[in-house]
Amino acid sequence: MDQNRQGARASYIALAIFVALWVLMPSAVRRLNREAFAEFQAPALHLLGKSRDMATFWEKKSRSTEEMAAAGRDLARINAALEIKLNAMDDVRRENIRLREITRYVVPAEYMSVVARVATRDSSSWWQRIVIRKGRNDGIRPGAPVVFGNNVVGRVTAVHLTTSEVDLVTSPGFRCTAYLEGDDQNRIALVNGVASNSLGTAKARVSVIPHDYTPPAGQPARVFTTGMGGVFPSRLLLGYLDGGTYSTQVGNFKESLLIPSRDLYNLQEVSVLVPLHPNPGEALMQGDQFQ
Amino acid sequence: MTAGWAWLILALATYPWLIGADLASDVFASSSLTIFISGVCLIAPSRRLRRWQSVLFAACLGFLFEARRPVPDGIVALALVAAAIFLSSNRPLLRNTPGMLRAAAVVNILACLCWYLGAAFVAPVAAVEPASQVTLQLLVAGLAGVIILLPIALTQNAVMDRLGVPPAPETP
C-alpha cells in the first residue's frame, strides 16, 4: 500500500515537471504534436464523410422513376432559365472589362475555386467549425474564404494534408467588414462571431452600424462583404440582419445580430476560394493555425 | 511484448467510440453542444492497466480530442493524465459498477470543464451567458459519462482480455 502511495506521489511530481516542460517547450513541438494527432484522425474523417455520401446515394437510388423524371424536368426548366441569365451576364462581363480598361482599374485578387465535401461539423460555445475533405495536397491555404454559391460560409483556419478546418461565420474567431443593404453611402460595418448560447441558434454580430441607418422596409436587410482586406471577394452575402438594430453602450453606433444566409450545419459541399497570389494575412494565419 | 503495447492497442480499439462521439457532436452541432466522452474512456483501463500505461493512454485520448479544436495545447491531455494517475492509485474507488459510474461522471465533467475554460481563455470574445452554457455542457458530459460507460467498458475489457492484461483484483 505504501509502495502504491509512493508511486502515486512520484507520478504527480513527474506530471508537474512535465507540465512545466510542456509550457516552456517551443511552440513548434506542440504544433507538431497537434498536427500528428490531426493527421492520424484524417482517414477516419474521410471514411465518415464517404459513408454519409454513400448513404445519400442509396437513399436517392431508391427513389421511383416518376420522381426522378419529375426532378429531371424541373432541372431542365431551371437550366433553360439559367442559360438566359448566363448570356446576359456575358454582356455585363464584357462591359465590365471595357470600363476597367478605360479607368485603368486595379483588378481585385483572383481566386482558384476548390470544391470540397463536408466531413464533420463540430460546435460548442467557443467554436463553430466544419471539417472539409480537402487539404494542403489540394492547394488549400489557411485564411482562404469558404463559400456556398454566393453565400459566405466561413474561413479556413487550419489546413492538414487531406483535411481542413473551417471557422463558420458565426464562430467567435470570425471577423470581416460588411456593407448593409439600403445604405446608399456604403459605410462599413463589422461582422464578428459571438460565443453562442447552448441550445440556441448560432448567430454573428454586426456592429458599427451608422446611427442614421434604416433597414429596408418589409424585408430583412442583407449584409454583404466589402472586399476590403483581400480575404473575401466583394458582394458575397454574409447573411441578414436579425430584427431591429439597437444602440450600443457608447451610443454612437448601432448593433444587430446576423442570421447566416444558409443553414450552415446542413451543408454537404462548399467551395474554398484560394487566392492565386498569397496575401500578407496568410503568413499570420500560418503562425497561429489553431485559433 | 503485447502487454507492453496494450495501452496503444487499447487506444486504437477505443478510437471508434471517439469517432462515434464526434458523429453525435455533428448531429447536435446546431445546438452548440459537444459530446465529450474522453474522460469516460479512461475508467475501465484504469482498473487493469499499469500506471504508466494508463498515463500514456490518457494522454492519447486528450491529444485526440484537442487535435481539431481550438483549445490550448495539452490542457485536456494533462487533465486526463492527472485523472489517470489518481484513478490508478485509488483502484478501490473503481471496485464496483456504481463506483465506476460515479468516477465516469466526475472525470468526464472535470475534463470537460478543463477544455471549456481553456477554450474560453483563448477565445477572442466573451461569453454571453457563461453560467448557463457551462452548466449545460457539463450536464451533457456527465450524462454521456453515465450512459456510455458500460458499452465502452465492455469493449475495452474484451480487448484487454485478448491482450492478456491481468484482470482487476476483487479486493484491490
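Protein chains get the first letters and strands the later ones, always in sequence-line order, with residue 1 at the start of each. Quick caveat: nothing in here was measured; it's all calculated off a predicted structure.
Taking the six-membered ring for Trp and thresholds of 30 and 60 degrees, Trp115(B) and Trp127(A) have ring planes inclined between 30 and 60 degrees apart.
Of the two parts of Ile75(B), neither the backbone nor the side chain holds a non-hydrogen atom closer than 4.5 Å to a non-hydrogen atom of chain A. Contact annotation for Gln128(A): only side-chain heavy atoms (C-beta onward) come within less than 4.5 Å of a heavy atom of chain B. Using a 4.5 Å cut-off between heavy atoms, Tyr15(B) touches chain A through its side chain atoms alone. Residue Val23(A) does not touch chain B at all, counting heavy-atom pairs closer than 4.5 Å. For a residue to count as touching a neighbouring chain, one of its non-hydrogen atoms must lie under 4.5 Å from one of that chain's; by this rule Ala119(A) touches chain B with the backbone only. Proximity to chain A (any heavy atom under 4.5 Å) is restricted, for Arg51(B), to the side chain, taken from C-beta onward. With a 4.5 angstrom heavy-atom cutoff, Tyr265(A) touches chain B only via side-chain atoms. Using a 4.5 Å cut-off between heavy atoms, Asn33(A) contacts chain B through its side chain alone, with no backbone atom that close.
Looking only at heavy-atom pairs under 4.5 Å with chain A, the residue among Leu18(B), Leu64(B), Ile19(B) that has the most is Leu64(B). By number of non-hydrogen pairs under 4.5 angstrom with chain A, the leading residue of Cys60(B), Pro16(B), Ser88(B) is Cys60(B). Heavy-atom pairs under 4.5 Å with chain B peak, among Trp22(A), Trp126(A), Phe40(A), at Trp126(A). Ranked by non-hydrogen atom pairs under 4.5 Å with chain B, the options Ser171(A), Ala8(A), Ala36(A) are led by Ala8(A).
Proximity of a side-chain donor or acceptor of Thr170(A) to a complementary backbone N or O of Gly193(A) within less than 3.5 Å is not detected. Panel note: side chain Arg162(B), backbone Val159(B); no donor-acceptor pair is recorded below 3.5 Å.
Surrounding CZ of Phe121(B) are at most 12 heavy atoms belonging to other residues, nucleotides or ligands under 6.0 Å away. Atom CZ of Arg50(B) has 12 or fewer neighbouring heavy atoms from other residues, nucleotides or ligands inside a 6.0 Å radius.
Asp167(A) and Arg175(A) are not joined by a salt bridge, as no carboxylate oxygen comes within less than 4.0 angstrom of a charged side-chain nitrogen. Between Arg52(A) and Asp26(B), at least one side-chain N (NZ, or NE/NH1/NH2) sits under 4.0 Å from a carboxylate O, which counts as a salt bridge.
Side chains of Tyr116(B) and Ser125(A): a donor on one and an acceptor on the other come within 3.5 Å. Side-chain atoms of Thr226(A) and Thr177(A) form a donor-acceptor pair, as typed in the model, at a separation below 3.5 Å. For the 3.5 Å distance criterion, the side chains of Ser54(B) and Trp7(B) fail to qualify, holding no donor opposite an acceptor.
Ring to ring, Phe36(B) and Phe28(B) are not that close: their centroids are 6.0 angstrom or more apart.
By a heavy-atom distance cut of under 4.5 Å, not one residue of residues 142-149 of chain B is near chain A.
Of the candidates Val206(A), Ile259(A), Leu258(A), Ile259(A) is the only one forming a side-chain contact (heavy atoms from CB on, under 4.5 Å) with Asp242(A).
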